[in-house]
Participant: 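Encoded as structure tokens, here's the structure I'll be asking about.
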Amino acid sequence: MKPVKPQKPPNEAVFYCLQEIEMTHPDPIDAASELELQMIELALAYRPRVTAMFTGKCLWCDEPVDKGHYCDTECRSDHEKELRAIKHRRANEN
């Protein structure tokens, strides 16, 4: 099975996968299995990438942490709200 490159928008890529699988497998279970694998590859290719590196400190309040990026769910929630607000401000500026 060849890997699917995210060169097309997701909807077109899904349609391409469906077209390709229909004629390659006589057994519908094999076709469904291959389609599932291709859908997983597409989902992984289009997922947001993690941009934060582990620093040992909470990204929001700078408290020391052993694992992860935040010391608790409140810090994560507050930081995500701030990042969302920054993203929306940028979108409104354009």
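All residue numbers in this chain count up from 1 along the given sequence. It should be emphasised that the depicted structure is a prediction, and the values quoted were computed from it without experimental measurement.
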Participant: Answer yes or no: is there a side-chain heavy-atom contact under 4.5 Å between Arg84 and Lys81?
Facilitator: yes

Participant: Main chain of Leu44, side chain of Arg47: is a donor-acceptor contact present, judged purely on distance under 3.5 Å?
Facilitator: yes

Participant: Would you compute the distance between atom CD1 of Ile29 and atom CD of Glu34 and round it to the nearest 0.5 angstrom?
Facilitator: 14.5 Å

Participant: Take a 6.0 Å sphere around CD of Glu82 and say whether it holds more than 12 heavy atoms from other residues, nucleotides or ligands.
Facilitator: yes

Participant: How far apart are the closest heavy atoms of Ala52 and His69, and which atoms are they?
Facilitator: O-CE1, 3.4 Å

Participant: With heavy-atom distances below 4.5 Å as the criterion, would you say the side chains of Arg76 and Trp60 are in contact?
Facilitator: no

Participant: Are any non-hydrogen side-chain atoms of Tyr70 and Leu59 less than 4.5 angstrom apart?
Facilitator: yes

Participant: What I'd like to find out is whether the side chain of Gln38 reaches to under 4.5 Å of the side chain of Leu42, using heavy atoms alone.
Facilitator: no

Participant: Give, for atom SG of Cys61 and atom CG of Asp72, the distance between the pair rounded to the nearest 0.5 Å.
Facilitator: 7.0 Å

Participant: SG/Cys75 to CD/Glu63 distance, rounded to the nearest 0.5 angstrom?
Facilitator: 8.0 Å

